[in-house]
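All remarks here apply to the structure that follows.
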There are 2 protein chains.
Amino acid sequence: MNYKLDQIDRKILEILQNNAKITNAQLSKEVGLSPAPTLERVKKLEQTGIIQSYHAKLDPAKIGLGVSTFVHVGLKGHNKENIEIFLNAIREIDEIIECHHVTGTGDFVLRVIAKDITSYQRLMLEKVSEISVVDNLQSMVILSTFKEKKSMPLPL
Amino acid sequence: MNYKLDQIDRKILEILQNNAKITNAQLSKEVGLSPAPTLERVKKLEQTGIIQSYHAKLDPAKIGLGVSTFVHVGLKGHNKENIEIFLNAIREIDEIIECHHVTGTGDFVLRVIAKDITSYQRLMLEKVSEISVVDNLQSMVILSTFKEKKSMPLPL
DNA sequence: ACTGAAAGCTTTGTGTT
DNA sequence: AACACAAAGCTTTCAGT
């Protein structure tokens, strides 16, 4: 499932990844089309699912979320049942904002966000460690973030 | 720098994190205010920087980006100069969409996205490994993503 | 924080190149 | 496909309450 995007489509995608709130009038100017066909292209990109959704990005620090981490999780077994148990538990925990199944030493990588180290520690001890199928945990606290592109490279 | 948000502000933030394209009219209905004061609150949240930006989220698979990874990077030394050299090199590489300085075994965690395993391998071998201050690399390929919340937990 | 009105823009549709 | 133009519908702003 791969679509043929021309140069204009790519430009639209690049712009909307970085600024979803741009008006269609402005967007059309930047890509060099008139408003009508520009909007048509955006609609098509949405309908085909190339554009999945639009999100506001908040500043974690300003809403009292000072701690952001990656956590490597090893499970006690790699069978389907254990994975299901783990995922069901993960789904219930609001502070876990991402959960990826990965190759390598651990089985899963989590992205966790919390108010401070104290509440992070309590979260990990009381909730994540307590999941029956969890064997081992390794936390990496993010000290600072140097790059956080909201746009992906568009190939071809 | 922390702001006092009431229940309505939190509801606005929650909604906009999940759907930045909602109209003000609809948003005002969902939070139970009329359009004018609702818009005022959104503007204030933008001005204070609590809302940082708005982004379109694309489907990587549909634009031909099949490989997404985490990479742990260890540097040859933890001094300022080496870190600067590393960050300057990282900034130039489009496929690296995130770079975090973290505690733990490695020094940095990267988020990398590429067309396929072949081009990923070439990217790592020819570009990332070649950075003079890089000592060791460990890639974890994301097999699947089970949770990817675009909204963070709002404390209090 | 609300209502109500006015201005401006977005968006849609038609006909044309 | 894209354009220009016009019409309809929102969004947004600005009064006054």
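Below, chains carry the letters A, B, ... as their sequence lines are ordered, and counting in each starts from 1. All figures in this text were calculated on a predicted structure; none of them were measured in a lab.
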Applying side-chain contact (heavy atoms from CB on, under 4.5 Å) to A/Glu40 and not counting sequence neighbours gives none
Contacts of B/Ser139 that satisfy side chain to side chain donor-acceptor pair (under 3.5 Å) - sequence neighbours left out: B/Tyr120
Just to be sure I understand the geometry, which residues of residues 37-49 of chain B put a non-hydrogen atom under 4.0 Å away from DNA chain C? B/Pro37, B/Arg41
According to ring pair (Phe, Tyr, Trp, His ring centres under 6.0 Å), who are the partners of B/His55, at least two apart in sequence or on a separate chain? none
Within residues 18-31 of chain B, those residues having any heavy atom closer than 4.0 Å to DNA chain D are B/Thr23, B/Asn24, B/Ala25
Are A/Lys11 and A/Asp6 within salt-bridge range, i.e. N to O under 4.0 Å? no
Mutual orientation of the aromatic rings belonging to B/Phe70 and A/His100 [parallel < 30°, tilted 30-60°, perpendicular > 60°]: perpendicular
Has A/Lys115 got a side-chain atom pairing as donor or acceptor with B/Pro155's backbone, closer than 3.5 angstrom? no
Restricting to salt bridge (Lys or Arg N to Asp or Glu O under 4.0 Å), what partner residues turn up for B/Lys149, sequence neighbours left out? A/Asp94
With sequence neighbours excluded, what pairs up with B/Asn82 under the side chain to side chain donor-acceptor pair (under 3.5 Å) test? none
Nucleotides bounding contact with chain B, strand DNA chain C, heavy-atom threshold 4.0 Å: C/dA1 to C/dT3
Side chain to side chain donor-acceptor pair (under 3.5 Å) with B/Arg91: which residues, sequence neighbours excluded? B/Asn88
Which side-chain hydrogen bond (donor to acceptor under 3.5 Å, both in side chains) pairs, counting each pair once, include a residue from residues 13-39 of chain A, with sequence neighbours left out? none
Could you work out, with side chain to side chain donor-acceptor pair (under 3.5 Å) as the rule, every residue matching B/Arg111, not counting sequence neighbours? B/Ser68
Rounded to 10°, tell me the angle between the two end axes of the helix from C/dA1-D/dT17 to C/dT17-D/dA1, each built from five pairs. 30°
For A/Ile8 and D/dA2, give me the distance from atom CD1 to atom P, rounded to whole Å. 6 Å
Is it the case that the ring center of B/Phe86 lies less than 6.0 angstrom away from the ring center of B/Phe108? yes
